[in-house]
Amino acid sequence: MYDLITIGRSGVDIYPLQTGVGLAQVETFGKFLGGSPTNVAVAAARHGLRSAVVTAVGADPFGAWVRQAIRGFGVDDAFVGTVDGPPTPVTFCEIFPPDHFPIYFYRGEHPPDLRLTAESLDLPAIVAATVFWFTGTGLSQEPSRSAHAAALAARTSGWTVFDLDYRPMLWGSPETARREVRQALRHANVAVGNLDEVEIAVGTRDPERAAQALLDAGMAIAVVKMGPDGVLARSRDEHVVVPPVTVEVVNGLGAGDAFGGAVALGLARGWPLERTVRFANAAGAHVAARLACADAMPSTDEVLALLPNEVRP
């Protein structure tokens with residue numbers, strides 16, 4: 001049985017090794033594992049969780065490398081399919097610290113990870129996982145949308161986390177995204193999103209109102225990431241606001257994935273909500289201070305270094 005199974009995007013991140021300049025001026029790049037659900041699985045594995053990712057890659061050298069990288073980070077690649085035809089997605093970014101990181105997705109019209117089918121899923125493994133993590137992007141096209149629906153319908157216990165993950169360029173319209181996200185909310189018991197994402201999900205950017213709306217929609221836990229104002233998290237009995245951890249930001253793109261892996265750790269280990277969010281917030285800060293995403297995911301001890309008063313779990 002897995003502590004965590006994630007489902008959704010995977011690919012190759014091509015990040016500039018120069019910061020503060022546009023892609024037209026960049027001369028050298030680094031190659032890193034990419035895709036938010038894949039990185040969340042990596043982040044959780046760094047904390048000792050038994051993790052797997054359900055995704056697909058192209059039948060090309062980048063696809064072979066993604067599989068190799070997933071295994072290298074201690075994540076099970078047993079549920080990584082290979083699709084003939086479309087290439088493994090590649091993503092570029094520009095790095096303008098502290099808060100401007102434009103992303104350029106080269107995913108084609110129908111990338112491998114959106115060709116997952118319900119028939120390809122190992123539903124017994126998904127059902128048995130302590131935490132199942134899915135993202136909004138996986139709902140953007142068929143047959144991935146139906147695959148997600150099958151997985152969610154099978155989940156009757158444990159933590160089912162909806163990473164709201166709204167990427168407008170990957171959807172046909174905000175209206176379509178809003179419809180699919182709201183339908184999927186009925187099958188989750190934890191929701192995690194930033195202000196843009198909760199607005200798509202529940203129609204408001206106000207953190208308190210958004211958290212309440214997510215609880216009203218059936219969440220046991222609602223987590224609203226407020227950027228420079230920290231993180232708000234609520235359950236029926238708890239209300240937590242965690243301030244940001246101060247670091248010199250290099251690249252903020254992987255911070256949310258580190259946050260997600262740490263949230264999965266807290267859920268799997270049964271931590272109190274306040275401890276989970278405080279730890280996750282520090283994990284995100286650790287990655288924000290570094291260039292890479294997957295490669296920069298912290299160990300538990302590296303997170304604790306940012307929380308000097310925290311007792312090691």
Side-chain angles (χ1 to χ4, degrees), residues 1-11 35-41 44 49-58 63 66-67 70 75-86 89 107 109-167 170-172 176-193 197 200-201 214 217-221 260 264 267-268:
M1 187 174 73
Y2 295 92
D3 298 305
L4 170 69
I5 293 179
T6 69
I7 183 172
R9 293 199 318 275
S10 66
S36 180
T38 303
N39 286 341
V40 169
L49 295 190
R50 187 181 181 206
S51 304
V53 58
V54 180
T55 188
V57 296
V66 166
R67 283 181 170 279
I70 288 172
V75 175
D76 196 335
D77 71 333
F79 310 132
V80 180
T82 300
V83 176
D84 289 324
R107 289 173 56 80
E109 293 185 1
H110 204 178
D113 54 65
L114 289 178
R115 299 192 182 211
L116 293 171
T117 66
E119 294 74 21
S120 70
L121 301 180
D122 186 333
L123 289 179
I126 290 172
V127 168
T130 305
V131 181
F132 180 64
W133 184 285
F134 72 104
T135 74
T137 300
L139 308 174
S140 62
Q141 287 191 48
E142 292 287 5
S144 174
R145 185 182 299 153
S146 293
H148 279 65
L152 294 173
R155 292 279 295 174
T156 57
S157 63
W159 294 108
T160 300
V161 183
F162 191 175
D163 178 356
L164 299 174
D165 181 49
Y166 176 57
R167 313 285 177 142
L170 304 182
W171 285 88
T176 302
R178 188 173 296 113
R179 181 187 69 238
E180 297 300 333
V181 165
R182 292 181 179 181
Q183 182 170 325
L185 274 175
R186 295 181 296 174
H187 301 282
N189 51 26
V190 180
V192 180
E197 292 162 347
I200 285 290
L214 289 167
M219 299 307 103
I221 297 173
L267 293 173

Exam field: side chain Glu197 to backbone Leu164, donor-acceptor pair closer than 3.5 Å: no
Should Val190 and Phe162 count as side-chain neighbours, where that means a heavy-atom distance under 4.5 Å? no
Just grab all the side chain to side chain donor-acceptor pair (under 3.5 Å) pairs involving residues 176-188, residues at least two apart or on different chains. Ser173-Thr176
Determine whether a donor-acceptor pair (N or O, by modelled atom type, separation under 3.5 Å) exists between the side chain of Thr55 and the backbone of Gly8. yes
Of all heavy-atom pairs between Thr6 and Ala41, which one has the smallest distance, and what is that distance? OG1-CB, 3.9 Å
Do Val161 and Val192 have side chains that get closer than 4.5 Å, going by heavy atoms? yes
Any salt bridge linking Arg167 with Asp165? Criterion: basic side-chain nitrogen under 4.0 Å from a carboxylate oxygen. yes
What's the shortest heavy-atom distance between Ser10 and Val57, and which atoms? OG-CG1, 3.7 Å
Heavy-atom side-chain contact between Leu121 and Val54 under 4.5 Å: yes
Specify the closest pair of heavy atoms between Pro112 and Pro86, including all atoms of both residues, with the distance to one decimal. CG-O, 3.8 Å
Going by heavy atoms in the side chains, are Thr130 and Tyr2 under 4.5 Å from each other? no
Scan for salt bridge (charged side-chain N to carboxylate O under 4.0 Å, His left out) pairs involving residues 122-141, sequence neighbours excluded, and state none if there are none. none
Do Asn189 and Ile221 touch side chain to side chain, with heavy atoms closer than 4.5 Å? no
Nearest heavy-atom contact between Ala177 and Tyr166 is CB-CE1, 3.6 Å
Can you pull out every side chain to side chain donor-acceptor pair (under 3.5 Å) where at least one residue sits in residues 151-162? Sequence neighbours excluded, please. Arg155-Thr160
Taking all non-hydrogen atoms of both residues into account, name the closest pair between Val131 and Ala264 and its distance. CG2-O, 4.0 Å
The reported gap from CZ in Phe132 to CG in Leu267 (rounded to nearest 0.5 angstrom) is 14.5 Å
Per side-chain hydrogen bond (donor to acceptor under 3.5 Å, both in side chains), Arg9 is matched among Asn39, Thr135, Thr38, Thr137 by Thr137
Inter-residue atom distance Leu214.CG - Leu185.CG, 0.5 Å rounding: 6.5 Å
Heavy atoms, side chains only, cut-off 4.5 Å: are Ile5 and Phe79 in contact? yes
Taking every heavy atom of Leu123 against every heavy atom of Ala154, the minimum-distance pair comes out as CD2-CB, 4.2 Å
Drop me the distance from Ser51's OG to Trp133's CH2, to the nearest 0.5 angstrom. 11.5 Å
Would you call Ser144 and Asp113 a side-chain contact if the rule is heavy atoms closer than 4.5 Å? no
Hey, are Arg50 and Asp3 close enough for a salt bridge, meaning a charged N less than 4.0 Å from a carboxylate O? no
Can you find a pair of side-chain heavy atoms, one from Leu114 and one from Leu116, that are under 4.5 Å apart? no
Within the side chain of Gln141, is there an N or O that forms a donor-acceptor pair under 3.5 Å with the backbone of Pro111? no
